[in-house]
Number of protein chains: 2
Amino acid sequence: MKEHMTPATRMTGHTQRGQCAKRMSILDAAADVFCRQGFAGASIDEIAAVACVSRQTIYNHYREKETLFVAVVEDVMNRANAMLFSVLSTFPERAEDLEDDLTAFAVRLNKNCICNHDGKFLRKLVQTEGERYPHLFESWRQQGPGKLITALSALLGRLAHKGALAIDDFDVAARQFVALGNADLQMMILLGATPTDEELEKAARNAVRTFLKAYGRPEAEKAGHPPQLAAISG
Amino acid sequence: MKEHMTPATRMTGHTQRGQCAKRMSILDAAADVFCRQGFAGASIDEIAAVACVSRQTIYNHYREKETLFVAVVEDVMNRANAMLFSVLSTFPERAEDLEDDLTAFAVRLNKNCICNHDGKFLRKLVQTEGERYPHLFESWRQQGPGKLITALSALLGRLAHKGALAIDDFDVAARQFVALGNADLQMMILLGATPTDEELEKAARNAVRTFLKAYGRPEAEKAGHPPQLAAISG
DNA sequence: GTAAAAGTAGACGCCATTGTCTAAAACGTC
DNA sequence: GACGTTTTAGACAATGGCGTCTACTTTTAC
């Protein structure tokens, strides 16, 4: 019953830890297999093998395949949600060094929320089974991209309010920031490969440079003198 | 019953036309079912039902499920390829009315290549079965996004050469153009829904505006005097 | 009109998978 | 060491899909 959360050992220190470990092992294995094979293609036996657990144990914890599936999705979505929240809290607040700070933020966002295991899983599953489970799709959309854009929009608004950016539509700008950040990684994202740190850095750099060319107010960055003219006039 | 009609009346005008119609009917139905259910989840019986054809007929034309699958992928890829080529040939060449022309181009690209039936099918299939059929993924990547970026890169280069754009890295700019164009449509693209013409127009407008803010040279548009300084100095 | 080719319907064997059941083993607690 | 819970391994029926086969009908070519 009290499986989730940290190794809590609540409930009078029952055999909960063993059970909890099994459950997590099953969830991880199931996520792996579901992600690779899709719901229809995944077999309980394979999940059991990957989890190093007997098939019956899976049926003990989750009555049927579908129950296991939704449990996996919930589990991954919770993790991904927490990670997204954590990354969003590192969005730069100061107008100085904006390019570097935004770049570092874009790297964190891509690395920890979009190109990581959970991001890949959710994208693939939503793509694969989204039509069959509309609720799954809707829930993911709201908690994932929805929250991301809303939050980013507000954060960009704060920077704009400080005079660091010149944005007319914050929502559009937020979506464009994410889109630009993914522009160079699309292929890897689709394949599910994990980009190297260099690739992440370069992609983020390209994205932020273009984003700031479109929305930046160079003067705020250095102090208050006309900027970037050198680049343009050159 | 002989709607599509490719130039296939070879073979002394045999029964090819009837066969051809059946084949296409099967291919269409199979694309539909494979797209919705994935390879593992798709059943030959369902495909036969959708195609209004007996199961045996499918086995007559394509020896087994996998043969049918690759035939479907090839078929859709050929269509998508032709469409991409056709759309790319409408890329604007003149520097006047660049914003409107680029917007119209982005609309065409999104509508006919990315948000259409074939685009959805390929994206979903590549996502779903890409790891199981690396060849499929690679082939799609080269002929689809690869060609698109290469071509766009060259076309942007021509505009830049004419002084209409200020681009340092054409490849990056091409990817960003596509990414910006999709920014507002990501959700619909993932779900496979078809955006309305208004949504397409608005998304393209937002994308091109930002793209031109980053890469545009307003002077070229009007006549030929130093540009963008007004925007920056303001 | 006739004969060959293509398409149909249905039955069939085969195999993988799901989900249940049972009896034995492992584990943790007292 | 004894007890209850959990896990395990394997057998089991039921289901459903794949791919084959056969006998029948329709279409097409000449």
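Not measured: the values here are computed from a predicted model. Within every chain, numbering begins at 1; the chains are lettered A, B, ... in the order of the sequence lines, protein sequences first and strands thereafter.
The ring-ring contact (aromatic ring centres under 6.0 Å, His included) contacts involving residues 107-129 of chain B comprise nothing, where partners must be two or more places apart or lie in separate chains. Identified under the salt bridge (Lys or Arg N to Asp or Glu O under 4.0 Å) test for residues 44-54 of chain A, with sequence neighbours left out: A/R36-A/E46, A/D45-A/R55.
Remark on the helix from C/dG1-D/dC30 to C/dC30-D/dG1: inter-end axis angle 30°, axes from five-pair C1' superpositions, rounded to 10°.
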Look for any protein N or O under 3.5 Å of an N or O in nucleotides 20-26 of chain C and output each such pair with its distance, or none.
| from | atom 1 | to | atom 2 | distance (Å) |
| --- | --- | --- | --- | --- |
| C/dC21 | N4 | A/Q56 | OE1 | 2.5 |

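Contact annotation: B/H61 side-chain N/O to C/dA6 OP1/OP2 distance is not under 4.0 Å.
Across C/dG19, D/dT7, C/dG7, the shortest atom-to-atom separation from the side chain of A/K22 is found for D/dT7. With D/dT8, C/dG7, D/dC18 as the candidates, the nucleotide lying closest to the side chain of B/T57 is C/dG7.
A heavy atom lying under 4.0 Å from DNA chain C marks the following residues of residues 39-48 of chain A, by number: A/A42, A/S43, A/I44, A/D45.
Taken to the nearest 0.5 Å, the OG1 atom of B/T194 stands 7.5 Å off from the NZ atom of B/K120.
For the pair A/L68 CG and C/dT17 C1', the interatomic distance rounds to 15 Å; values are reported in whole Å. Going from atom CG of B/N60 over to atom P of C/dA4 covers 19 Å, rounded to whole Å. Taking atom CD1 of B/I58 as the reference point, atom C1' of D/dG17 lies 13 Å away to the nearest angstrom. B/I26 has its CD1 atom 13 Å from the C1' atom of C/dT8, to the nearest Å.
Residues meeting the side-chain hydrogen bond (donor to acceptor under 3.5 Å, both in side chains) test with B/S139, sequence neighbours left out: B/Q143. Checked against ring-ring contact (aromatic ring centres under 6.0 Å, His included), A/Y62 has no partners two or more places apart in sequence or in another chain. Applying the ring-ring contact (aromatic ring centres under 6.0 Å, His included) test to B/F69 and every residue at least two apart in sequence or in another chain returns B/F34, B/F39, B/Y133. Residues meeting the salt bridge (charged side-chain N to carboxylate O under 4.0 Å, His left out) test with A/E201, sequence neighbours left out: A/R205. The ring-ring contact (aromatic ring centres under 6.0 Å, His included) test applied to B/F91 returns B/F105, not counting sequence neighbours. Judged as a side-chain hydrogen bond (donor to acceptor under 3.5 Å, both in side chains), and not counting sequence neighbours, B/S86 has no contacts.
Across all non-hydrogen atoms, the minimal contact from B/D171 to B/D169 is N-OD1, 3.0 Å.
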Got a list of side-chain donor-acceptor pairs under 3.5 Å for residues 177-193 of chain B, not counting sequence neighbours?
| from | atom 1 | to | atom 2 | distance (Å) |
| --- | --- | --- | --- | --- |
| B/D184 | OD1 | A/R175 | NE | 2.9 |
| B/D184 | OD2 | B/N206 | ND2 | 3.0 |

